[in-house]
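In what follows, a single structure is set out as structure tokens and then discussed.
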Amino acid sequence: QVQLVESGGGSVQAGGSLRLSCAASGLTVSYFYMGWFRQAPGKEREGVAIIDSAGGASYADSVIGRFTISRDNAKNILFLQMNRLEPGDTGMYYCAADRRPYGRHWYLINPDKPNYVGQGTQVTVSS
């Protein structure tokens with residue numbers, strides 16, 4: 001049974017940093033497309049960052065240069081380092097996984113497609 005458990009969310013002021021973690025069980029993160037998605041109140045879910053089995057990463061334009069996706073293969077954990085946070089980054093952040101070979105960009109623009117999704121962790125950025 002696949003389980004993705006996010007942690008690390010919280011409330012920060014603009015310009016601050018947070019590091020999100022996603023502990024995975026029932027799958028091996030290094031074999032899957034792993035990603036972070038977010039959803040703000042009243043808005044649709046959007047892709048934030050995707051990492052593939054080779055370690056290649058893709059990001060939403062709005063977070064390039066500020067966010068970094070990575071994974072610890074030994075611990076089977078996915079991370080999202082978020083720096084220079086902005087109020088527009090506020091939302092529920094979800095970890096997701098899928099193994100279908102559609103490519104990073106496809107998963108980034110289809111946030112409702114991954115087969116496995118965690119419960120989410122809230123990020124609130126105040127100005």
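The structure presented is a predicted model; accordingly, all values stated were derived computationally and were not measured.
Put simply, the side chain of Asp72 does not reach to within 4.5 Å of the side chain of Val29, judged on heavy atoms. Side-chain contact between Ile77 and Met34 is absent, with no heavy atoms from C-beta onward closer than 4.5 Å. A 4.5 Å side-chain heavy-atom check between Trp36 and Cys22 finds at least one atom pair inside the cut-off. No side-chain heavy atom of Met92 sits less than 4.5 Å from a side-chain heavy atom of Arg45. Side-chain contact between Arg71 and Ile51 is present, with at least one heavy-atom pair separated by less than 4.5 Å.
Met82 pairs in a side chain to side chain contact (heavy atoms under 4.5 Å, CB included) with only one of the listed residues (Val125, Leu18, Val48), which is Leu18.
The structure places OH of Tyr116 at 8.0 Å from CG of Asp98, a figure rounded to the nearest 0.5 Å. Between Thr124 atom OG1 and Leu85 atom CG the span is 10.5 Å, to the nearest 0.5 Å. Note that CG of Leu27 and CG of Leu4 are 5.5 Å apart. Values are rounded to the nearest 0.5 Å. Asp112 contributes atom CG, which lies 10.5 Å from atom CD of Gln39 (distance to the nearest 0.5 angstrom).
In this structure, Pro87 and Ala14 approach most closely via the heavy-atom pair CD-CB, 4.1 Å. Counting all heavy atoms, side chain and backbone alike, Ala97 lies closest to Pro114 at O-CB, 3.9 Å. Scanning both residues, Asn73 and Ser30, for their nearest heavy atoms gives OD1-CB, 3.5 Å. Taking all atoms of both residues into account, the shortest heavy-atom contact from Cys95 to Leu78 is SG-CD2, 3.8 Å.
Although no hydrogens or angles enter the test, the distance criterion places a donor-acceptor pair under 3.5 Å between the side chain of Asn76 and the main chain of Ala24.
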Show me the side-chain donor-acceptor pairs of residues 53-70 shorter than 3.5 Å, one per line, residues at least two apart or across chains.
from: Ser58; atom 1: OG; to: Arg104; atom 2: NE; distance (Å): 2.8
from: Tyr59; atom 1: OH; to: Ile69; atom 2: N; distance (Å): 3.0
from: Ser62; atom 1: OG; to: Arg38; atom 2: NH2; distance (Å): 3.4
from: Arg66; atom 1: NE; to: Ser62; atom 2: O; distance (Å): 3.4
from: Arg66; atom 1: NH1; to: Arg84; atom 2: O; distance (Å): 2.9
from: Arg66; atom 1: NH1; to: Asp89; atom 2: OD2; distance (Å): 2.7
from: Arg66; atom 1: NH2; to: Ser62; atom 2: O; distance (Å): 2.9
from: Arg66; atom 1: NH2; to: Asp89; atom 2: OD1; distance (Å): 3.0
from: Arg66; atom 1: NH2; to: Asp89; atom 2: OD2; distance (Å): 3.4

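Counting heavy atoms of neighbouring residues, nucleotides and ligands inside a 6.0 Å radius, atom CD of Gln122 exceeds 12 of them.
Other residues sharing a hydrophobic cluster with Phe37 under the 4.5 Å side-chain heavy-atom criterion for ILVMFWY residues are Tyr33, Ile50, Tyr102, Trp106, Tyr107, Leu108.
Here side-chain hydrogen bond (donor to acceptor under 3.5 Å, both in side chains) pairs that include residues 5-25, with residues two or more places apart or in two chains, are Ser17-Asn83.
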